[in-house]
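Within every chain, numbering begins at 1; the chains are lettered A, B, ... in the order of the sequence lines, protein sequences first and strands thereafter.
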Protein chains: 2
Amino acid sequence: MPNEPNNKTEPSSEQDGTFLHTCMYFTTNRLSRAITRLADEAFAMTGLAPAYGYLVRLVIANPGITQKELSEKLYITPSTLTRFIDKLEGKQLVERQVQGKTVLVYPTVKGTAMKETLHEASKKLKAAYEAKLGKELADALTRMQESASELLEQ
Amino acid sequence: MPNEPNNKTEPSSEQDGTFLHTCMYFTTNRLSRAITRLADEAFAMTGLAPAYGYLVRLVIANPGITQKELSEKLYITPSTLTRFIDKLEGKQLVERQVQGKTVLVYPTVKGTAMKETLHEASKKLKAAYEAKLGKELADALTRMQESASELLEQ
DNA sequence: GTATTTTGTTTGTACATACAAAACAATAAC
DNA sequence: GTTATTGTTTTGTATGTACAAACAAAATAC
């Protein structure tokens with residue numbers, strides 16, 4: 001039976017955890033933790049977590065955008081978005097305007113004032129990971145992840 | 001000034017959120033949410049979340065492994081691992097044996113009995129994402145994520 | 001051989017995130 | 001016009017995850 005591991009001196013895939021490294025669920029989440037660390041650093045100057053930063057950018061560029069649209073663009077659930085907007089409203093960076101059954105989100109003056117800073121933090125983040133990965137790998141990986149997300153979300 | 005967008009009819013990258021799709025932080029987390037959904041489904045039959053399933057597999061293959069080693073193999077922080085082991089101990093799938101300042105983790109009989117089921121859930125997960133992505137994309141992506149993680153963790 | 005530093009684990013706290021159910025508003029059916 | 005249906009948001013609850021601080025044991029320095 002050639003499938004049986006019979007050499008006790010070399011560790012099996014189970015022992016050394018090799019099986020983890022060929023599992024996309026595992027590698028994706030590992031990478032997610034790593035890049036989130038980097039992103040948190042890059043966005044520290046804004047006083048916002050990266051996810052909030054991108055949300056504010058979307059609101060600045062689309063004043064009056066609905067929560068539904070925001071959750072679609074960000075690929076997060078509506079309930080998560082509600083909490084995000086709650087927090088940003090608390091920081092007076094955006095404000096809600098109820099319009100029937102939908103909610104329109106507008107940037108405040110204070111929110112709009114962050115536009116440049118947010119842009120810079122994003123550039124800083126990109127520079128940081130490109131410095132470590134190289135532009136080629138970073139771009140290829142980003143594009144592949146985009147395609148894979150589309151396919152998995154079906 | 002050719003950089004100024006002067007055509008109001010076509011939306012800018014800021015408006016449509018294109019800038020998100022070229023940011024690795026964003027695409028990684030989007031993919032993470034998508035594949036986590038898939039993994040939760042595949043592991044439903046085990047009664048465990050995928051992360052716990054992999055942890056139990058490591059413990060079964062390495063009885064007496066320390067928490068430190070586990071957290072290194074899984075790339076999660078020690079504090080997170082403590083909570084994971086707490087929960088698995090509660091379910092009587094693993095048990096701790098304190099050895100000085102380190103903690104050795106052993107599978108219980110009940111834990112060992114899950115070996116096959118866990119293996120099958122992992123295979124089911126892989127089959128699920130390969131069905132949607134194709135084996136080529138899945139493998140290429142997994143390998144790239146692995147390399148990128150290594151580079152970012154420096 | 002005590003004092004200091006290092007290492008491994010746990011606890012407190014906080015946050016992103018999801019799902020399910022509820023609340024609410026608008027529209028359609030009759 | 002009331003009732004049923006549909007669409008959007010919010011709330012309750014749960015989970016994974018981290019960081020910082022606390023703690024305990026071991027190792028090292030003197």
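The line from CD of A/Q67 to CD1 of A/I65 is 10.5 Å long, rounded to the nearest 0.5 Å.
Less than 6.0 angstrom separates the ring centroid of B/F43 from the ring centroid of B/Y54.
For the residue pair A/R57 and A/S122, a side-chain donor N or O sits within less than 3.5 Å of a side-chain acceptor on the partner. Between the side chains of A/T28 and B/Q145, a donor-acceptor pair is found at a separation under 3.5 Å.
Both A/G100 and B/I85 lie near DNA chain C, and the one whose nearest nucleotide falls closer to the 5' end is B/I85.
Rounding to whole angstrom units, CZ of residue A/F43 and P of C/dC15 are separated by 18 Å. Straight-line distance from the CG atom of A/D86 to the P atom of D/dT8: 19 Å, rounded to whole Å. Computed from coordinates, the B/E89 CD to C/dT10 P distance equals 9 Å when rounded to whole Å. When rounded to the nearest whole Å, the span between NZ of A/K68 and C1' of C/dC24 equals 17 Å. The separation between B/L48 atom CG and D/dT15 atom C1' is 14 Å, rounded to whole Å. A straight line from CG of A/L104 to P of C/dA25 spans 15 Å, rounded to a whole angstrom. B/L74 has its CG atom 10 Å from the P atom of D/dT17, to the nearest Å. When rounded to the nearest whole Å, the span between CG of B/D40 and C1' of C/dC19 equals 11 Å.
Distances shown here put every side-chain N or O of A/Q99 at or beyond 4.0 Å from the OP1 or OP2 atom of C/dA25. In terms of phosphate contacts, B/T80 brings no side-chain nitrogen or oxygen within less than 4.0 Å of OP1 or OP2 of D/dT17. Residue A/Y52 places at least one side-chain N or O under 4.0 Å from the OP1 or OP2 atom of C/dA16.
Taking each heavy atom of A/A51 and B/Y25 in turn, the nearest pair found is N-OH, 3.6 Å.
No donor-acceptor contact under 3.5 Å links the side chain of A/T77 to the base of C/dC19. Taking only distance into account, the side chain of B/R96 never meets the base of C/dG8 through a donor-acceptor pair shorter than 3.5 Å.
Nucleic acid contact for A/T102: sugar-phosphate only, since backbone atoms but no base atoms lie under 4.0 Å from a heavy atom of the residue. Within 4.0 Å of A/I76, counting heavy atoms only, lie sugar-phosphate atoms of the nucleic acid but no base atom. Note on B/R33: only backbone sugar-phosphate atoms sit closer than 4.0 angstrom, heavy atoms only; bases stay farther off.
Considering only side-chain atoms of B/S79, the nucleotide from C/dA16, D/dA20, D/dT9 that sits closest is D/dA20. Checked against D/dT10, C/dT10, C/dC19, the side chain of A/P78 finds its nearest nucleotide in D/dT10. Of the candidate nucleotides C/dC19, D/dT17, C/dT10, D/dT17 has the atom nearest to the side chain of B/F84. Considering only the side chain of A/K101, D/dT8 comes nearest among C/dT9, D/dT8, C/dA18.
When atom types are taken as modelled, the side chain of A/E150 and the backbone of A/E146 share no donor-acceptor pair closer than 3.5 angstrom.
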